[in-house]
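One structure below.
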Amino acid sequence: MRLKLRNIFLVYFVVSSAGLLYALLQLGQQCDCTHLVNSANDVLKKERPHHRGKENLPIIYVVTPTYARPHQRAELTRLSQTLLLVPSLHWILVEDSVERTAAVTELLAQSDLLYTHLNVQTPPAMKLKDSDPNWLKPRGVEQRNEALRWLREHRAPGDRGVVYFADDDNTYSVKIFQEMRHTQKVSVWPVGLVGGLKYEAPLVDNGKVAGFHTTWKTHRPFPIDMAGFAVSLSLLLTHPKAKFDPDAERGFLESSLLSQLVTVRELEPRADNCTKVWVWHTRTEKPKLKQEDLLEKQGRGSNPKILV
């Protein structure tokens, strides 16, 4: 019996010692953490189960300019939930601010998306005043151009991808992302609830864009809403000076970029020859916070530590 117990103890000692030795040998070895972090501003989250098998798709770079306002977090949350459903997607979120804010940083960190967080402030002369109508000056110009600058610095002409400029207050079906995925140059489709119409859309004849269904400033070279087109990454990288013109006439912002890249005949119709609407130019109603203002004057405003 004593011999048997001694043999058992000996085996236990040998196995434990081997395990301890292996653990010590692993100390100091480099950890492969590329599934967690790619770079300081380029955060890669773990693969989502419903995206398995789609890792080799061209990446969709979604560029979203944003600015601080009471409903900003609500808008970005809604958009991020849609983007989560799209495989092989990289969200480039650009704040109109002097520095990246804590609120947006936290939202992105919790989004489970691959993202890049940038910021650039719109020059004061180009900013809208609270009393200005939203169409008076183009918004998001500096922010979209900052995203283009980032792409040119961090991506190479051989990288596969497509760039889409998605404002944070629009409504998107996941189908529109499927449609743009394999854009060769510039793909186009209808946009709902824009330009005073139920929809604006390219008119297609024999697979080519022959005109546009629009009634507002029809003389524009490309009478297309910002949500109505996507550009291949390689096309943007081979045209290093192409960008949005901050001094463009009202309604000509989209044309200021597209005119540097393609002709109308080179546009690629998507969404069943531009007969399906899968993106809508919606706007969230500005919150009425008169009671909040009143409480703040009385020193009884809502807790600023609670993010809304």
Side-chain angles (χ1 to χ4, degrees), residues 41 43 61-84 91-113 115-148 150 164-172 191-196 225-228 244 246 248 250-251 253-254 279-308:
N41 290 326
V43 180
Y61 295 92
V62 176
V63 175
T64 301
T66 188
Y67 64 99
R69 58 205 192 274
H71 51 290
Q72 179 189 31
R73 188 162 175 261
E75 302 277 33
L76 293 177
T77 298
R78 179 176 58 185
L79 177 55
S80 69
Q81 297 301 303
T82 298
L83 299 183
L84 272 173
W91 195 14
I92 304 178
L93 190 60
V94 192
E95 290 193 73
D96 185 352
S97 60
V98 178
E99 59 186 9
R100 286 172 284 172
T101 64
V104 174
T105 298
E106 180 182 342
L107 184 143
L108 286 170
Q110 297 177 357
S111 70
D112 202 30
L113 286 164
Y115 66 86
T116 296
H117 186 188
L118 305 172
N119 68 285
V120 61
Q121 190 174 31
T122 298
M126 295 299 296
K127 271 186 173 293
L128 286 171
K129 300 176 182 177
D130 290 339
S131 58
D132 290 339
N134 56 25
W135 47 259
L136 186 61
K137 297 176 182 178
R139 292 186 297 180
V141 183
E142 299 294 335
Q143 290 71 40
R144 296 185 187 98
N145 284 338
E146 177 67 9
L148 293 178
W150 185 91
Y164 183 48
F165 302 97
D167 290 350
D168 60 9
D169 56 352
N170 288 343
T171 303
Y172 306 90
V191 177
L193 309 176
V194 67
D225 186 76
M226 192 68 68
F244 294 98
R250 180 190 171 201
L253 188 60
E254 296 85 350
V279 55
W280 297 263
H281 191 83
T282 50
R283 285 195 181 98
T284 301
E285 182 181 3
K286 187 176 180 180
K288 297 178 176 63
L289 300 174
K290 291 182 179 180
Q291 298 303 316
E292 185 70 38
D293 295 338
L294 180 61
L295 285 180
E296 286 184 358
K297 290 178 181 178
Q298 299 173 0
R300 300 189 296 118
S302 299
N303 188 344
K305 294 182 180 181
I306 297 179
L307 292 177
V308 178

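A donor-acceptor pair shorter than 3.5 Å cannot be found between the side chains of T64 and D168. For the residue pair S111 / S80, no side-chain donor-acceptor distance below 3.5 Å is found, with atom types taken as modelled. T66 and Q143 are not linked by any side-chain donor-acceptor pair at a separation below 3.5 angstrom, with hydrogens and angles left out of the test.
For F244, the ring-ring contact (aromatic ring centres under 6.0 Å, His included) partners are F165, not counting sequence neighbours. Here Y164 pairs with A166, Y172, F177, M180, W189, A227, A230, V279 under the side-chain contact (heavy atoms from CB on, under 4.5 Å) rule; sequence neighbours left out. By the side-chain contact (heavy atoms from CB on, under 4.5 Å) test, A147 is found to be paired with V63, I92, V94, residues two or more places apart in sequence or in another chain being considered.
Side chains of T171 and L193 form no contact here, defined as non-hydrogen atoms less than 4.5 Å apart. Taking 4.5 Å as the limit, every side-chain heavy atom of T122 sits out of range of all side-chain heavy atoms of Y67.
Each of R73, Q72, R78 was checked for a side chain to side chain donor-acceptor pair (under 3.5 Å) with E75, and the lone residue meeting it is R78.
In plain terms, the two heavy atoms of E99 and S97 that are nearest each other are O-OG, 2.6 Å.
To the nearest 0.5 Å, the span separating CG on N119 from CD on E142 amounts to 12.5 Å. Distance check, rounded to the nearest 0.5 Å: CG of L79 to CG of L107 gives 9.5 Å. To the nearest 0.5 Å, the span separating CZ on R139 from CZ on R144 amounts to 9.0 Å. Atom CG of residue D96 and atom CD of residue E146 lie 11.5 Å apart, to the nearest 0.5 angstrom. Expressed to the nearest 0.5 Å, how far CG of L113 lies from CG of L108 amounts to 8.0 Å. Between the NE2 atom in H117 and the CD atom in E95 there is a gap of 3.5 Å [rounded to 0.5 Å].
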**Q.** Residues Y61, T116; criterion side chain to side chain contact (heavy atoms under 4.5 Å, CB included); working and verdict
**A.** CA-CA 10 Å; Y61 295 92; T116 296; over 6 Å; no
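Although no hydrogens or angles enter the test, the distance criterion places a donor-acceptor pair under 3.5 Å between the side chain of T282 and the main chain of D169.
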